Amino acid sequence: MRDLVAGMRYLGKGQRWVAQHGRWWGFGLIPALIALVLYAVVLTVLALWSGDIAAWATPFADGWGTPWQGLLRGVFVALLFAGGLMLSVLTFTAVTLLIGDPFYESLSEKVEESEGHCPPSPDRPLWQEIWIALRDSVHVLLRAAGFGILLFVLGFVPFLGQTVIPAIGFCVSGFFLAVELTSVAMQRRDVPVRERLRLLRGRKGLAVGFGTPVVLLFLIPFVAVVLMPGAVAGATLLVRDLMADEEEPPAPGGGEGAAAQGPAAGVPYGQPGTQGGFGPAPAPFPASQGQPQAPQQYPRPQSGPGSSAARPPAGW
C-alpha cells in the first residue's frame, strides 16, 4: 500500500515540476498533439466499423432471434471498442515517445539536472536511439497484448467479466504504461528493457500506483496531451529513486572529502567501502596490552597492499 501511494505522488511531483517550468511543459505538448490527431482518426474509424466487425466475427449468431443476437453483438462491440481504447492508451505513450524522442529526452535531462545530477547519455546517434526505443516498445507492447487477449476472453465470464476483470485490466495497463514512461530515463542509463521489467516487477505497487492513475486520466479526451509532459517528468523522478540503490552516488570532493564522510559513506551494506573492507566498517579493536594510548585516540588498522585505510577517518 505504501508503494501504491508513493507511485501516485510521483505523478503529482511531475505535474508540479512542469507547472513550475512552463516552457518545458509547452515543449512537451508538441509530440502529444501530433499523436492525438492520429489516434482520433483511428478510433473514429473503429467506432464506425465496429458493427460490421462484430457481424463478421459472429456468423454463428446470424440465425438467432431477438434479443440474443443483438445482445451478443452489442457485448462484442463494447468489448472491442473498450479493448481498442485500452490499447490506444498503452500505445499512445509509446507512439508519442517515439515521435517526441528528442523532446522528451531533453525534458527528462532538465528534470534530472534540476535534482542535482544527470547521468550522461550513451554516445549514440539519434537514429539508433529511436531504433532502440521502437524495439523496446514493441517488446513491451507484445507482453501487454498477451495479457490483453487473456483479459478480453475473461471479459465474457458472467459477473467477473463486468466487475473484477476491468479492474485487473486497468492495473495491468498501468504497470506497462509505467514501463513505457520510465523508458526515457532508463534508456539514458543504458538499462535494457528486460532489466527495466525486472526492476519494476520488484516494485509492482510503485509501478501500478504511478501508471494506473495515468491510464484513467488518459481516458478523458485531451487530458493525455496536457498530462504527458508531467508524466514523463514524474517517471524520471521515479527512476532516480528506483535506481538509487543500483547507482553509487559520487563522493563530494573525492579524496580527503570522501574520507571525511565516515566509514562506507554512500555505499550499501555489503559493498566495498572507503576503509578497504565491506561497509559499514567494524568497530575499532583495543590497543595492545602494556602500550600506552593517547586520550581520545584509537589505534590505526593495519594497512596492507592496496588498502585505503592509511589512517582513521575524521571524527573517530
Side-chain angles (χ1 to χ4, degrees), residues 7-48 81-112 114 126 129-130 133-134 136-138 140-141 144 148 169-188 207-239:
M8 296 177 190
R9 285 176 179 166
Y10 281 114
L11 180 59
K13 289 178 182 178
Q15 300 304 325
R16 281 197 301 272
W17 192 94
V18 295
Q20 295 168 359
H21 302 78
R23 184 173 71 89
W24 287 98
W25 176 73
F27 188 68
L29 287 180
I30 298 172
L33 285 169
I34 297 171
L36 178 67
V37 173
L38 294 175
Y39 275 87
V41 172
V42 172
L43 287 175
T44 300
V45 171
L46 179 62
L48 293 174
F81 193 76
L85 195 61
M86 188 163 294
L87 185 62
S88 69
V89 170
L90 286 173
T91 57
F92 177 86
T93 302
V95 171
T96 304
L97 290 174
L98 285 173
I99 294 173
D101 185 77
F103 296 84
Y104 294 127
E105 178 63 31
S106 299
L107 171 62
S108 180
E109 285 183 359
K110 189 66 177 177
V111 172
E112 299 224 46
S114 70
L126 177 60
E129 292 285 344
I130 294 176
L134 176 60
D136 292 350
S137 294
V138 170
V140 173
L141 290 174
F170 280 119
C171 292
V172 171
S173 300
F175 174 84
F176 284 108
L177 187 60
V179 174
E180 286 288 353
L181 288 169
T182 55
S183 65
V184 178
M186 290 283 197
Q187 191 171 327
R188 184 183 309 111
V208 171
F210 176 78
T212 304
V214 179
V215 170
L216 296 173
L217 290 170
F218 277 18
L219 293 175
I220 305 173
F222 305 109
V223 170
V225 177
V226 177
L227 295 184
M228 190 64 185
V232 173
T236 302
L237 295 172
L238 185 152
V239 169

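The shown structure was predicted, so the numbers you read here are calculated from the model rather than taken from an experiment. Sequence positions, counted from 1, serve as the residue numbers for this chain.
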**Report entry** Leu97 side chain near Val184 side chain, heavy-atom distance below 4.5 Å
**Finding:** yes
Glu105 meets the salt bridge (charged side-chain N to carboxylate O under 4.0 Å, His left out) criterion, sequence neighbours left out, with Arg188
Closest heavy-atom pair, Pro213 versus Leu11, reported as atoms and distance to 0.1 Å, is CB-CD2, 4.0 Å
Show me, pair by pair, the donor-acceptor contacts under 3.5 angstrom made by side chains of residues 14-36, not counting sequence neighbours?
from: Gln15; atom 1: NE2; to: Leu227; atom 2: O; distance (Å): 3.2
from: Trp17; atom 1: NE1; to: Ser114; atom 2: OG; distance (Å): 3.0
from: His21; atom 1: ND1; to: Trp17; atom 2: O; distance (Å): 2.7
from: Trp25; atom 1: NE1; to: Val226; atom 2: O; distance (Å): 3.1

Would a distance-only check, ignoring hydrogens and angles, find a side-chain to backbone donor-acceptor pair under 3.5 Å from Ser108 to Tyr104?
no
(Q) Between Thr182 and Val179 (side chain of the first, backbone of the second, donor and acceptor by atom type, cut-off under 3.5 Å), is there such a pair? (A) yes
With sequence neighbours left out, the residues meeting salt bridge (charged side-chain N to carboxylate O under 4.0 Å, His left out) with Asp136 are Arg196
Residues at least two apart in sequence or cross-chain that pass side chain to side chain contact (heavy atoms under 4.5 Å, CB included) with Val138, listed by chain then number, are Leu134, Leu142
Side chain to side chain contact (heavy atoms under 4.5 Å, CB included) filter on Ala207, not counting sequence neighbours, yields Phe175, Ala178, Leu200
With heavy-atom distances below 4.5 Å as the criterion, would you say the side chains of Met8 and Thr212 are in contact? no
| task | Using the ring-ring contact (aromatic ring centres under 6.0 Å, His included) rule, take Tyr10 and Phe210 through it: C-alpha gap first, then chi angles, then the decisive distance, then the call. | result | CA-CA 7 Å; Tyr10 281 114; Phe210 176 78; 7.2 Å; no
Heavy-atom distance under 4.5 Å between the side chains of Val42 and Ser88, does that happen here? no
Heavy-atom nearest pair, Ala235 first then Leu181, reads CB-O, 3.4 Å
